[in-house]
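A short worksheet on the structure shown next.
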2 protein chains.
Amino acid sequence: MQEKVNLTKTSLSERFTRGDVLSSECPARDVLKHITSRWGGLVLIALHEGETFRFSELRRIIQGVSEKMLAQTLQALEQDGFVIRTSYPVVPPHVEYSLTKLGSEAAVHVAGLADWVEGNLTEILSNRNKAVLTKAS
Amino acid sequence: MQEKVNLTKTSLSERFTRGDVLSSECPARDVLKHITSRWGGLVLIALHEGETFRFSELRRIIQGVSEKMLAQTLQALEQDGFVIRTSYPVVPPHVEYSLTKLGSEAAVHVAGLADWVEGNLTEILSNRNKAVLTKAS
DNA sequence: CAGTATCCAACGCGATACTG
DNA sequence: CAGTATCGCGTTGGATACTG
């Protein structure tokens, strides 16, 4: 429980400057955790470029995500100011999600990383196969 | 267990093109998992720009990582072809880690994301505080 | 020094059922 | 439709002890 430091988050943020992610108490690690979590990045990618989606649409687009995890992920991203939740008071409920300016910036980085991985996927997977074969010999 | 598809990894990679991370069986998700795992990204950041470090150095630099997780993370990144492990046959053992060309490219993206987060950390954390206050009211 | 092995606690996450 | 609540399993991951 070394994380239990008796400081508010804002005072913490002031004690850290760039390049400090490697430091164990840097609050940027928490933010990165949201962005790079199993579903966080995919939500950003799905909503990037000004897209707006409803909850059920996101669930369909982001294949494999459960209701629980999608709700949880969206709330975390909303808290950080990456996602805007717009609720229309109608029956049945209608809720839309989109990115804030901050979220769009984050999404650019995440999408860039994902694109790079997809572009180099063949090479990476062939590396992995080689590694497995070497081990077996 | 929907992940248990009866296809080799290479054939899988050929069935997917760019933009398919949102598809549930896209193998890029596995790779992203390694890169964006709790310690994977930090390893890439620590080694980026041609840095070379020994195991114990990495442990010191990446604060909070345990021996087990560092070893595990390094092995995963080595398998994907991101990290090179160089072992000198001396006593006591001397092992060095550095990035491959592929790893350097990945590290650029990860470091870019981390830098962006650190640069916007104050704003993000203030968003979070607002969210908490709104909830309390 | 650079790991591996084992054990166990904590958490992530999905399945299911329920609500406004 | 858009969630929340609860349960429970599987994985993650840290602590500790041991090895070449």
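Per chain, numbering begins at 1; letters A, B, ... match sequence-line order.
For A:M69, the side-chain atoms get nearest to C:dG14 when compared with the rest of D:dT4, C:dA2, C:dG14. Of the candidates C:dA15, C:dC7, C:dA2, the closest approach to any side-chain atom of B:R85 belongs to C:dA2.
A:I45 and A:A114 get closest at one heavy-atom pair: CD1-CB, 3.7 Å. The two residues A:A46 and A:F53 make their nearest non-hydrogen contact at O-CE1, 3.3 Å. The minimum heavy-atom distance linking B:H48 with B:A107 is given by the pair CB-CB, 3.7 Å. Taking every heavy atom of both residues into account, B:N127 and A:G81 meet most closely at ND2-CA, 3.7 Å.
Atom CD in B:Q72 sits about 15 Å away from atom P in C:dT6, given to the nearest Å. Counting to the nearest Å, the P atom of D:dG3 and the NE2 atom of A:H94 are 11 Å from each other. Between the CD1 atom of B:I62 and the P atom of D:dG13 there is a distance of 14 Å, rounded to whole Å. B:R29 places its CZ atom 12 Å from the P atom of C:dC13, with the value rounded to the nearest Å. Between the P atom of C:dC1 and the CD atom of B:E96 lies a distance of 14 Å, rounded to the nearest Å. One atom, NZ of B:K68, and another, P of D:dT12, lie 10 Å apart when rounded to the nearest Å. One can place CG of A:L70 at 15 Å from C1' of C:dG12, the figure rounded to the nearest angstrom. The interatomic distance linking A:H34 (NE2) with C:dC13 (C1') rounds to 15 Å, in whole Å.
Contacts of A:Y97 with the nucleic acid, taken as non-hydrogen atoms under 4.0 Å apart, involve only primed sugar atoms and P, OP1 or OP2.
For DNA chain D, the neighbouring residues in residues 39-54 of chain A, judged by any heavy atom under 4.0 Å, are A:R54.
Here B:Q75 reaches the OP1 or OP2 of C:dT4: one of its side-chain N or O atoms lies under 4.0 Å away. Here A:R38 reaches the OP1 or OP2 of C:dG14: one of its side-chain N or O atoms lies under 4.0 Å away.
Under a 3.5 Å cut-off, the side chain of B:E57 and the backbone N or O of B:R54 do form a donor-acceptor pair. Using modelled atom types, one side-chain atom of B:E118 and one backbone atom of A:V21 make a donor-acceptor pair closer than 3.5 Å.
With rounding to the nearest 0.5 angstrom, the NE2 atom of B:H109 is 11.0 Å from the NE2 atom of A:H109.
Across its full length, the helix from C:dC1-D:dG20 to C:dG20-D:dC1 shows an angle of 50° between the axes of its 5 terminal pairs at either end, rounded to 10 degrees.
Both B:W116 and A:L22 belong to a common hydrophobic cluster when Ile, Leu, Val, Met, Phe, Trp and Tyr are linked at side-chain heavy-atom distances under 4.5 angstrom. With hydrophobic clusters built from ILVMFWY side chains whose heavy atoms lie under 4.5 angstrom apart, A:I84 does not share a cluster with A:L44.
For the pair B:V31 and A:R128, the minimum side-chain heavy-atom distance is below 4.5 Å. B:Y97 is not listed as a side-chain neighbour of B:T52, based on a closest heavy-atom distance of 4.5 Å or more. Between A:K101 and A:E105 the shortest side-chain heavy-atom distance falls below 4.5 Å.
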Using atom names, set out every protein N or O paired with an N or O of nucleotides 18-20 of chain D below 3.5 Å, distance rounded to 0.1 Å.
none

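Looking at which nucleotide of DNA chain C each of B:R60 and A:S66 is closest to, the 5′-most match is held by B:R60.
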